[in-house]
K.L.:
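Have a look at this one before I ask anything.
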Amino acid sequence: MDKALDVLVIGGGASGLAAAFELTRNGRTPTVLEAGPLLGGAVRRHRVGGLDLDAGAESFAIARPAVRTLIDDLGMAEFVVTPEPGSAWVRFAGGQAPLPVASWLGIPSRPFARDVRRVIGVTGSLRAAADRAMPARGVAAGTTLGFLVRQRMGSRVLRRLVEPVVGGVHSANPEDLEIASIAPGLPANFLTAGSLAGAAGAMRGAAGPAGSAVNGLRGGMFTLIDVLAEKITQAGGHIWTHSPVAGLWREENFWHVSAIINGVASQLTARSVVVAAPAQAAQMLLTPLLPGANWPAAALTTGVLLATLVVNKPELNCSPRGSGMLVSARVGGVSAKALTHGTAKWAWLAEAAGHNQHVLRLSYGRGSGDLPTADQFPRLALADASDLLGVALGEADLRDVALTEWAAVQPRTAPGHAAAADTIREAAQHLPGLAVTGAWLAGTGLAAVIDDARRVARDLPHNSTSSSRNPIQLEEDGAYDELA
Ligand SMILES: Cc1cc2nc3c(=O)[nH]c(=O)nc-3n(C[C@H](O)[C@H](O)[C@H](O)COP(=O)(O)OP(=O)(O)OC[C@H]3O[C@@H](n4cnc5c(N)ncnc54)[C@H](O)[C@@H]3O)c2cc1C
């Protein structure tokens, strides 16, 4: 096996690249195989109206340090930016208002704050404050976020605040999301603080004033992917796009994968493998290896459709709804679940777009029901944006539009997901040299994904046997897309 690779990484999204970067820091030589033409997965770029924009993730949560640490390790600290002042708004049945400043996932940490009362009224605040008077017991396994919020703070907090925010972040209803998967730190904070409000304050953690619970990167989050790829290849790693992996098996103490590399069926051998593909692909590759794993709940994913508009509209210069609007599912007449006013949120983007130019991103898909169809755009997005921003937008204002469908990237963390994920991790531990990571195991969001990927890569045992630096030979016309 003199041609065995050191470590194969399957999937070139944030998790695969973060794992590969960490491997290079530990003296390993990773080879990343990415199915698609572009790296980044949910952090990839697209070009709309002459601007390079994030097609997926556009910010990162700062309450957990993982993304910021990676940015520092990559030497990108100077590009970190905070959003412009002015928080996002929430549209609920019967009204709209700025999102309360002191809140986490929509859960208010100060139920009587003026901005909370503006959304849920005095009655809602009184009910939410009852949380502080109730005893805080352990959160049972499988408890959903919706259940806990309703029980502790009442249905107004749930419907007007938590549902819209969670719908925007997780594309699902909080009644369907188990706490153990989307907020594993919440139960401990709940017990320590003695209330859900206190736990929300603790979860918000390091975050500062309104709008600064997240940071971004000047130039877009996709630049993180560019720099990761650059550092990996500089350190001797290899990255291959157009390379879907179709099979994974272990034989004679080596890992073998079958992959279609730029249309050519190939087999590769490696000492270790990191599976960093999304749920369906990971399940396809790992099922024969992990017969005891509990897959079905873990493999559920939810679809999201994004419509990105670049419009010429001076009336939007005043940022009428701050950085955007989250929409409750109970609001009629609007199909979008969220609108991000990109040029109001990020100063660098406003500068790049130019005078009177605005980038608006509307997202569709709450985890149930059909997504709108392509023929409904741009009409539907213009109508929704006009309604949410209170500024009439027509096709004459539109400079460009792009539709991006994210078919299966958001893991739907229904009750039982965390337990299923644990069985998969445990079963994988018994196979030497195999590591599994990705949002479907770690949880949605770059902070969770990057933290998990780097940890998994650090824990991968080092195999001292010599391995080939780059055994993938160019065949035929040598047209493989290696990024170097
Ligand atoms: C629209 C959208 C907006 C988001 N916004 C934010 C945000 O603002 N902030 C935030 O923190 N998080 C955000 N997220 C979540 C975050 O982007 C994801 O949790 C994270 O990027 C997932 O990374 P991943 O590597 O686990 O998966 P993915 O990004 O899905 O990457 C997996 C990669 O594996 C590849 N692959 C699949 N099958 C194979 C195969 N057989 N062989 C080889 N490769 C394969 C895929 O092509 C893909 O590139 C957003 C997600 C979406 C969809």
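For ligands, and for the atoms within them, numbers begin at 1 and follow the listed sequence. In this chain, residues are counted from 1 in sequence order.
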K.L.:
I'd like to check whether A35 has a polar contact with ligand 1, where a contact means an N/O of the residue lying under 3.5 Å from an N/O of the ligand.
P.N.:
yes

K.L.:
Where on V245 is there a heavy atom closer than 4.0 Å to ligand 1, on the side chain, on the backbone, on both, or on neither?
P.N.:
both

K.L.:
If we ignore hydrogens and angles and just use 3.5 Å, is the side chain of Q376 paired with the main-chain N or O of T373 as donor and acceptor?
P.N.:
yes

K.L.:
Can a non-hydrogen atom of L306 be found less than 4.0 Å from any atom of ligand 1?
P.N.:
yes

K.L.:
Under 4.0 Å from a heavy atom of L33: which atoms of ligand 1 are those, numbered in the order shown and with their elements?
P.N.:
43 (C), 44 (N)

K.L.:
To which of Q280, E34, E405 does the heavy atom nearest atom 49 (O) of ligand 1 belong?
P.N.:
E34

K.L.:
Could you tell me whether A281 approaches ligand 1 through its side chain, its backbone, both or neither, with non-hydrogen atoms closer than 4.0 Å?
P.N.:
side chain

K.L.:
If you count the atoms of ligand 1 from 1 in the order shown, which ones are under 4.0 Å from a heavy atom of E58?
P.N.:
7 (C), 8 (O)

K.L.:
Measure from atom 17 (O) of ligand 1 to every heavy atom in A42, A14, A61 and give the option owning the shortest one.
P.N.:
A42

K.L.:
Looking only at side chains, do Q283 and W440 share a donor and an acceptor under 3.5 Å apart?
P.N.:
no

K.L.:
Using 4.0 Å as the upper bound for N to carboxylate O, is an ion pair formed by D459 and R455?
P.N.:
yes

K.L.:
Does any N or O in the side chain of H256 come within less than 3.5 Å of the main-chain N or O of E251, such that one atom is a donor and the other an acceptor?
P.N.:
yes

K.L.:
At a 4.0 Å threshold, what atoms of ligand 1 neighbour a non-hydrogen atom of P244?
P.N.:
42 (N)

K.L.:
Using a strict cut-off of 4.0 Å, indicate which atoms of ligand 1 neighbour a heavy atom of G13.
P.N.:
25 (O), 31 (O), 33 (C), 49 (O)

K.L.:
Mind checking whether Y364 and F377 have parallel, tilted or perpendicular rings, split at 30° and 60°?
P.N.:
perpendicular

K.L.:
Identify the residue among R25, K231, R68 that makes a salt bridge (Lys or Arg N to Asp or Glu O under 4.0 Å) with D73.
P.N.:
R25

K.L.:
Pick one of side chain, backbone, both or neither for how L446 approaches ligand 1, counting any non-hydrogen atom pair under 4.0 Å.
P.N.:
both

K.L.:
Write down the atom of V264, the atom of S266, and the distance for their closest heavy-atom approach.
P.N.:
O-OG, 3.1 Å

K.L.:
When you measure from the side chain of D400 to the backbone of G49, do you find a donor-acceptor pair of N or O atoms at a distance under 3.5 Å?
P.N.:
yes

K.L.:
What atoms of ligand 1 come closer than 4.0 angstrom to any heavy atom of G438?
P.N.:
26 (O)

K.L.:
If you take the nearest heavy atom of each of G443, P37, P278, which one is closest to atom 37 (C) of ligand 1?
P.N.:
P278

K.L.:
Taking the minimum heavy-atom distance to atom 26 (O) of ligand 1, which of A439, A442, A246 ranks first?
P.N.:
A439

K.L.:
Of H358, R321, R361, which is the lone residue that meets side-chain hydrogen bond (donor to acceptor under 3.5 Å, both in side chains) with H341?
P.N.:
H358

K.L.:
Atoms of ligand 1 less than 4.0 Å from G41 heavy atoms?
P.N.:
29 (O), 31 (O), 48 (C), 49 (O)

K.L.:
List the steps, then state whether side-chain contact (heavy atoms from CB on, under 4.5 Å) holds for I239 with L17.
P.N.:
CA-CA 9 Å; I239 300 176; L17 294 177; 4.2 Å; yes

K.L.:
Kindly determine whether R425 and D452 satisfy salt bridge (Lys or Arg N to Asp or Glu O under 4.0 Å), including the steps that lead there.
P.N.:
CA-CA 12 Å; R425 283 197 199 269; D452 192 68; 2.9 Å; yes

K.L.:
Just jot down the ligand 1 atoms closer than 4.0 angstrom to any heavy atom of V449, in number order.
P.N.:
19 (O), 23 (O)

K.L.:
Measuring from atom 9 (N) of ligand 1, which candidate in A57, S59, G168 has the nearest non-hydrogen atom?
P.N.:
S59

K.L.:
Could you tell me if R454 and T69 have a donor-acceptor pair between their side chains, going purely by distance under 3.5 Å?
P.N.:
no

K.L.:
Any N/O of W406 closer than 3.5 Å to an N/O of ligand 1?
P.N.:
no

K.L.:
Can an N or O of S15 be found at a distance shorter than 3.5 Å from an N or O of ligand 1?
P.N.:
yes

K.L.:
Just jot down the ligand 1 atoms closer than 4.0 angstrom to any heavy atom of V43, in number order.
P.N.:
21 (O)

